[in-house]
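To keep things clear, I will list the structure first and then write my remarks on it.
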Amino acid sequence: MNIRHPRILIMTAGYGEGHLQVSHALKQGFLSKEIYSLHIVDLMKEAHPILNSVSSKLYQMSTYSSQFGLDYYGWSYYMTRDTNPIGSVNRYLNAIGKRKILEMIENARPDAIINTFPFGAVTETSRNFSIPTSTVITDYTLHSRWIHPDTDKYYVATEALESELIRDHGTAPDRVCVTGIPVRAAFYHTATSATMFSPAESGMARNRVLIMAGSFAVFHHIVELVQMLLEKGNCDIDLVCGRHDKMVMKLRSLFADRLDVNVLGYVEQMHELMAASSCIVTKAGGVTLSEALVLKLPVFIFKPYGGQERENAQFFQQNGLADIAYDTRELGEKMIHFLHDSASSERIRNKMASMDRGEAAKLIIEDTLLMIDERQRLRGLPLFAVRK
């Protein structure tokens with residue numbers, strides 16, 4: 001009998017880091033099962049490089065323009081959120097990349113395709129080759145672009161999304177699976193290898209606050225928040241600036257005499273820094289919020305951008321997992337209150353623990369392999385060799 005390993009194609013897009021991070025988390029999971037015939041493809045970049053470059057730049061600029069009232073990305077998100085998934089607008093968008101995905105299918109001959117970005121062209125084309133195609137929804141909210149009648153399986157973050165797909169869009173219950181959003185395996189390992197306590201629970205004298213400086217479009221808002229926390233928060237502060245070297249230098253110079261302020265650039269081991277923190281100030285991207293959820297880390301969100309980030313933030317706030325602030329003083333006051341109330345931390349961590357579904361990437365991979373085997377059985381072909 002001729003036995004081979006399955007071939008997997010993961011389709012993504014580079015609008016923000018979330019879709020790419022989910023793709024790499026899935027790749028990491030497949031590799032752990034010794035499935036090496038796997039490709040991650042940025043379909044927009046491959047199929048329409050010029051359009052991709054322009055649209056990516058517009059997406060990046062929207063986060064800044066929204067601070068000054070020009071929230072064009074948010075407007076477009078809400079205008080199209082509830083449009084008919086098979087209507088004229090989505091039919092047009094679903095045609096993007098069709099020729100390229102056909103070429104990729106013919107070359108790679110995948111046994112399954114996983115979308116981490118809403119590419120209708122992938123789902124439509126895969127149907128013609130009887131390739132099982134699934135979609136990993138990378139946010140805590142649903143937009144019409146994610147929905148396509150030919151999708152074999154949706155992997156979603158919450159029961160609320162599962163209900164919405166079934167109730168409002170007629171999706172068969174067996175085609176929706178609540179897995180959570182995949183994050184890097186290091187986050188799950190950190191969460192299970194060490195029990196995390198708030199400072200009050202563990203006897204520590206001071207809290208540790210993690211601030212993602214990229215969450216702030218205006219520099220002086222970061223400075224104002226740090227000064228408030230230093231004055232009243234009784235905490236140590238980690239400021240992560242990513243690859244913004246100028247911001248790192250300015251903040252290090254400004255707080256050079258403060259041993260309780262640690263200014264960092266790009267951090268590779270972010271899971272360790274998050275695990276050691278009492279709370280985090282961050283943007284409301286689906287992946288970042290999922291990382292916090294895995295580590296049971298209370299979240300504060302500053303001025304969430306219109307679109308999926310605002311919807312993600314509201315979901316977390318409504319479920320008691322995060323708090324939102326729209327000006328720096330409000331944010332500082334909420335954080336200071338939290339830092340002086342150990343019961344708040346325990347309450348949020350318990351709620352986060354109740355939402356834990358386990359390792360999302362592992363759940364998705366196992367279900368994908370079952371779909372492949374089922375398709376092979378229907379065709380009367382030999383099953384695949386997969387390390388359990």
Side-chain angles (χ1 to χ4, degrees), residues 1-12 19 22-41 43 85-86 94 97-138 146-156 161-162 165-166 169-182 357-388:
M1 181 183 293
N2 181 27
I3 299 178
R4 64 177 175 84
H5 289 284
R7 296 184 292 252
I8 309 295
L9 199 56
I10 299 176
M11 310 303 296
T12 191
H19 307 291
V22 169
S23 299
H24 286 288
L26 291 169
K27 178 180 179 179
Q28 190 178 40
F30 278 113
L31 292 176
S32 72
K33 287 185 170 290
E34 298 180 0
I35 297 173
Y36 302 116
S37 183
L38 182 145
H39 301 282
I40 296 175
V41 179
L43 183 58
I86 57 174
N94 288 342
K98 215 164 193 175
R99 184 178 300 176
K100 191 66 179 182
I101 187 59
L102 177 60
E103 176 186 320
M104 289 178 178
I105 288 174
E106 290 176 340
N107 290 335
R109 295 291 174 182
D111 298 295
I113 299 178
I114 302 174
N115 274 323
T116 67
F117 187 83
F119 287 123
V122 174
T123 308
E124 289 182 4
T125 308
S126 302
R127 174 191 57 190
N128 298 329
F129 292 85
S130 296
I131 300 170
T133 305
S134 57
T135 293
V136 182
I137 298 178
T138 59
W146 287 108
I147 304 163
H148 195 284
D150 295 316
T151 303
D152 290 290
K153 203 64 161 287
Y154 294 97
Y155 299 108
V156 299
L161 282 178
E162 177 186 40
L165 278 165
I166 295 168
H169 299 283
T171 306
D174 62 354
R175 290 171 56 203
V176 188
C177 187
V178 183
T179 59
I181 296 173
R357 286 278 175 169
E359 194 167 343
K362 183 178 179 181
L363 295 172
I364 292 169
I365 289 163
E366 288 175 350
D367 195 61
T368 299
L369 296 175
L370 285 174
M371 278 200 299
I372 294 173
D373 278 353
E374 181 61 29
R375 196 64 59 97
Q376 294 298 97
R377 286 191 183 96
L378 292 174
R379 293 177 178 178
L381 297 174
L383 303 184
F384 294 107
V386 177
R387 186 169 74 84
K388 301 299 184 185

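We count residues from 1, following the sequence as given.
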Residue pair [X] / [Y]: nearest heavy atoms and the distance that separates them:
X	Y	result
P182	V136	CD-CG1, 3.9 Å
T179	A360	O-CB, 3.2 Å
R7	S37	CG-OG, 3.1 Å

Under a 4.5 Å cut-off applied to non-hydrogen side-chain atoms, are [X] and [Y] in contact?
X	Y	answer
D152	S134	no
I113	I105	yes
Y155	D367	yes
V122	T133	yes
Y154	T171	yes
L363	C177	no
V22	T12	no
F129	L102	yes

Heavy-atom neighbours of [X] [atom1] exceed 12 at 6.0 Å:
X	atom1	answer
K362	NZ	no
K153	NZ	yes
R99	CZ	no

Parallel, tilted or perpendicular: rings of W146 and H19 (30°, 60°):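 Tilted, since the angle between the ring planes falls between 30° and 60°.
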
Criterion side chain to side chain contact (heavy atoms under 4.5 Å, CB included) on M11 and M104, from CA distance to verdict: CA-CA 11 Å; M11 310 303 296; M104 289 178 178; 4.0 Å; yes

Residue of the set T135, I181, I137 for which side-chain contact (heavy atoms from CB on, under 4.5 Å) holds with V156: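 The side-chain contact (heavy atoms from CB on, under 4.5 Å) with V156 is passed solely by I137 among T135, I181, I137.
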
To the nearest 0.5 Å, what is the distance between [atom1] ([X]) and [atom2] ([Y])?
X	Y	atom1	atom2	result
L369	I364	CG	CD1	12.0 Å
L31	L26	CG	CG	11.0 Å
N115	L43	CG	CG	8.5 Å
K27	I40	NZ	CD1	5.0 Å
I166	E162	CD1	CD	4.5 Å
K33	E366	NZ	CD	5.0 Å

S23 and T116 side chains, donor-acceptor separation under 3.5 Å: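 A pair is found: one side chain offers a donor N or O, the other an acceptor, under 3.5 Å apart.
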
Salt-bridge present (E124, R127; N to O < 4.0 Å):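 Between R127 and E124 there is no salt bridge, as every charged N stays at least 4.0 Å from the carboxylate O atoms.
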
